[in-house]
Amino acid sequence: MSELSWQTGEYFKDVIACDLCLQSEDSFTITNFNIAKANEKTAGYMSLIHRVCIEVVFDKGHNKPTTLSYIVKEKSDSAFGGNLVEVLSVFPKECEMYEKLLPAFEDIFNPERFGPKVFKTTSEPYTVIVMEDLTLSGFYMREKSYGLPITDVKRILQKLAEFHAVSVVYRERNGSFSDLFSEGVITERTVEVLRGHYDALYTAFLQSLRERNFPAEYLRPLMALDGRLLEACSTVQRLDPSEFNVLNHGDLWPNNVLFGENDLRLLDFQNAFYGSFASDLLYFFVTSATQLMCDSLEELVQFYYENLVKAFEQLHYRQLIPSYADLLQQLKQHGILILPPLSEAVAITMGGLTEPSDMALITSEQPEGVTLRQHIFNNPSFVTLVDRLIPKLFELGLLHKSEDSVH
């Protein structure tokens, strides 16, 4: 272990003092210090995630807890993400979210809570974020990483609508968000960095459709995007001031949500950005409510809209908000954003891949990489889903049969 490390009891002394609201005269001794993986499902995309368990003894009689637990996110070269960690400024962005924006949102929308408390952040000589361990308060992650039931989907949509609404109110009161939030993941600036990963998967996805004779009326417009899907998505992602724009979470799927008995918390704000609400909604639908999109998409959009209106009312927002019809149309104009996560996150998750080593291998041209891509795209569950979902997306107007209508 390096001499300069956060993995010491000394580093956590001020964390403990902040967490327990200790006074300067409250002294304690750390008697046990242990670091483990935060969760078996945590794969470490763009960061490593640890659970730090600490036992303390107070030097004077005290009724404070003596067994403590914290979650630590650590920037590491061994985490999957590569250049994107720097290009997207994921750690400065998340630090600003936790230290500045979430507390401000929660102050405006009191007593609403959106994420975990953060006790400490460090950028030099190591980059870490220390936050509360919400499992101690009864929060838990759903076992299934995709295809949530409609009750869970609606709970998340309600929280998302509130998060979006308060971000609009915050911006009206405080001005624009910092430049850290000016872009999402897929932009003109990141296309070349992402190409090796997403293009290989989308091409393999199309190959799987061709091999099972997918209907030509749907296959042709999808194939027209081969090699230019990222460019098309970056065009759609450009900020349009005429649209309904919010601070997007940017990576909302089941592994970034902790459920409580009566509430939930959002995690992992590394991809947050200011832009169309459609980005969050479409990504969430395709990664978390994939099957429900076939039968209940408009019901879910309507539910989001109703909760958005309710949140604005609770916040006493007096400006004009878009109509449901306007939001639905905006959603359709951004529908192409469904394709990258469908051919990447959904396929990978349904295929049971969880480790960073899987992510590095899956785009390899080595025989093992080719075999892995065939595995995820020919997975019977994924095939059944895609065969039903793709025609439905065209029917709903989220995808278009005319190439000219695809951005």
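- For the atom pair NZ of K310 and CD of Q158, the computed distance is 6.0 Å after rounding to the nearest 0.5 Å.
- The closest side-chain heavy-atom distance from I336 to L225 is below 4.5 Å.
- For the atom pair CE of M350 and OG1 of T384, the computed distance is 8.0 Å after rounding to the nearest 0.5 Å.
- Between the side chain of D268 and the backbone N or O of D251, no donor-acceptor pair lies under 3.5 Å.
- No more than 12 heavy atoms of other residues, nucleotides or ligands lie within 6.0 Å of CG in D179, so this atom counts as exposed by the packing criterion.
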Side chain to side chain donor-acceptor pair (under 3.5 Å) assessment of T122 paired with Y11: CA-CA 10 Å; T122 306; Y11 181 84; 2.4 Å; yes
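- Counting all heavy atoms, side chain and backbone alike, Q291 lies closest to R388 at O-NH1, 4.2 Å.
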Stepwise side-chain contact (heavy atoms from CB on, under 4.5 Å) test for S182 and F177: CA-CA 8 Å; S182 63; F177 295 102; over 6 Å; no
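- Within the 4.5 Å cutoff, side-chain heavy atoms of L266 are placed close to those of L264.
- Enclosure of atom CD in Q314 by more than 12 non-hydrogen atoms of other residues, nucleotides or ligands within 6.0 angstrom is indicated.
- Side-chain polar atoms of D19 and Y70 form a donor-acceptor pair below 3.5 angstrom.
- Comment: K13 engages E10 in a salt bridge, judged by a side-chain N to carboxylate O separation of less than 4.0 angstrom.
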Audit row: E55, T66, side chain to side chain donor-acceptor pair (under 3.5 Å) steps and yes/no: CA-CA 6 Å; E55 292 182 8; T66 56; over 6 Å; no
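- Of the possible donor and acceptor atoms, none in the side chain of D263 sits under 3.5 Å from a partner among the backbone N and O of G260.
- Annotation for L148 and L292: closest pair O-CD1, 3.7 Å, computed over non-hydrogen atoms.
- For the 3.5 Å distance criterion, the side chains of Y198 and S343 fail to qualify, holding no donor opposite an acceptor.
- At a threshold of 4.5 Å between non-hydrogen side-chain atoms, the residues L393 and Y218 do not count as touching.
- Between E106 and R113, at least one side-chain nitrogen of the basic residue sits less than 4.0 Å from a carboxylate oxygen of the acidic one, meeting the salt-bridge criterion.
- Summarising the geometry, atom CG belonging to N378 is positioned 6.0 Å from atom OG belonging to S208; distances are rounded to the nearest 0.5 Å.
- Screening F277, F284, F244, F285 against Y304 for a ring pair (Phe, Tyr, Trp, His ring centres under 6.0 Å) leaves a single residue, F277.
- A donor and an acceptor atom, one from each side chain of S178 and E96, are located under 3.5 Å apart.
- Interatomic distance, L206 CG to F377 CZ, rounded to the nearest 0.5 Å: 9.0 Å.
- One distance of note links CD of E183 with OG of S234; it measures 10.0 Å at 0.5 Å rounding.
- Sparse packing is recorded around CD of E261, with 12 or fewer heavy atoms of other residues, nucleotides or ligands lying under 6.0 Å away.
- A donor-acceptor pair is defined here as one N or O able to donate and one able to accept, closer than 3.5 Å; such a pair exists between the side chain of D240 and the backbone of S242.
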Criterion side-chain contact (heavy atoms from CB on, under 4.5 Å) on V301 and L327, from CA distance to verdict: CA-CA 9 Å; V301 178; L327 254 65; 5.6 Å; no
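- Rounding to the nearest 0.5 angstrom, the gap separating the CD atom in E99 from the NZ atom in K117 is 15.5 Å.
- The main-chain N or O of Y170 is found under 3.5 Å from a side-chain atom of N174 such that the two form a donor-acceptor pair.
- The aromatic rings of F105 and F163 stand perpendicular to each other, their planes meeting at an angle above 60°, with 30° marking the opposite boundary.
- No hydrogens or angles considered: a donor-acceptor pair under 3.5 Å links the side chains of T203 and D226.
- Within the 4.5 Å cutoff, the side chain of I321 has no heavy atoms near those of the L308 side chain.
- For D133 (side chain) and I71 (main-chain N/O), no donor-acceptor pair under 3.5 Å exists by modelled atom type.
- With F12 as the aromatic partner, K120 does not meet the cation-pi criteria of under 6.0 angstrom to the ring centre and within 45 degrees of the ring axis.
- With 3.5 Å as the limit, one finds no donor-acceptor pair spanning the side chains of E74 and T127.
- Relative orientation of the F114 and F109 rings is tilted, given thresholds of 30° and 60° on the angle between their planes.
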Salt bridge (Lys or Arg N to Asp or Glu O under 4.0 Å) assessment of K154 paired with E299: CA-CA 10 Å; K154 285 187 172 181; E299 175 190 345; 3.0 Å; yes
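- In this structure, L385 and V346 have side chains that are in contact, with non-hydrogen atoms separated by less than 4.5 Å.
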Salt bridge (Lys or Arg N to Asp or Glu O under 4.0 Å) evaluation trace for R238 with E243: CA-CA 11 Å; R238 288 177 190 154; E243 293 183 329; over 6 Å; no
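- In summary, E192 and R195 engage in a salt bridge, as defined by a charged side-chain N under 4.0 Å from a carboxylate O.
- Remark: side-chain polar atoms of S276 are paired, donor with acceptor, to backbone N or O of A278 under 3.5 angstrom.
- For the pair T190 (side chain) and V193 (backbone), a donor-acceptor distance under 3.5 Å is absent.
- Remark: side-chain polar atoms of T235 are paired, donor with acceptor, to backbone N or O of E231 under 3.5 angstrom.
- Counting heavy atoms from C-beta outward, L20 and L68 have side chains that approach closer than 4.5 Å.
- Using modelled atom types, one side-chain atom of K93 and one backbone atom of A272 make a donor-acceptor pair closer than 3.5 Å.
- Counting heavy atoms from C-beta on, the side chains of I35 and R51 never come closer than 4.5 Å.
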R212/V386 under side-chain contact (heavy atoms from CB on, under 4.5 Å): CA gap, chis, key distance, verdict: CA-CA 12 Å; R212 62 174 188 272; V386 166; 3.7 Å; yes
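- With 3.5 Å as the limit, one finds a donor-acceptor pair spanning the side chains of Q207 and R210.
- You'll find the side chain of L339 reaches within 4.5 Å of the side chain of L399, heavy atoms only.
- Across all non-hydrogen atoms, the minimal contact from K392 to M293 is CG-O, 4.1 Å.
- With 3.5 Å as the limit, one finds no donor-acceptor pair spanning the side chains of H50 and Q7.
- Distance alone, capped at 3.5 Å, places no donor-acceptor pair between the Q237 side chain and the T187 backbone.
- Taking the ring axis of F259 as reference, the NZ or CZ atom of R142 stays within 45° of it and closer than 6.0 Å to the ring centre.
- Aromatic ring pairs are classed by plane angle as parallel below 30°, tilted from 30° to 60° and perpendicular above 60°; the pair F269 and Y98 is perpendicular.
- Looking at R373 and E365, a side-chain N of the basic residue comes within less than 4.0 Å of a carboxylate O on the acidic one, giving a salt bridge.
- Results of the side chain to side chain contact (heavy atoms under 4.5 Å, CB included) test with L372 over I348, I362, T363 single out I362 as the only residue that passes.
- Here the two rings, on Y274 and F181, have centers that are 6.0 Å apart or farther.
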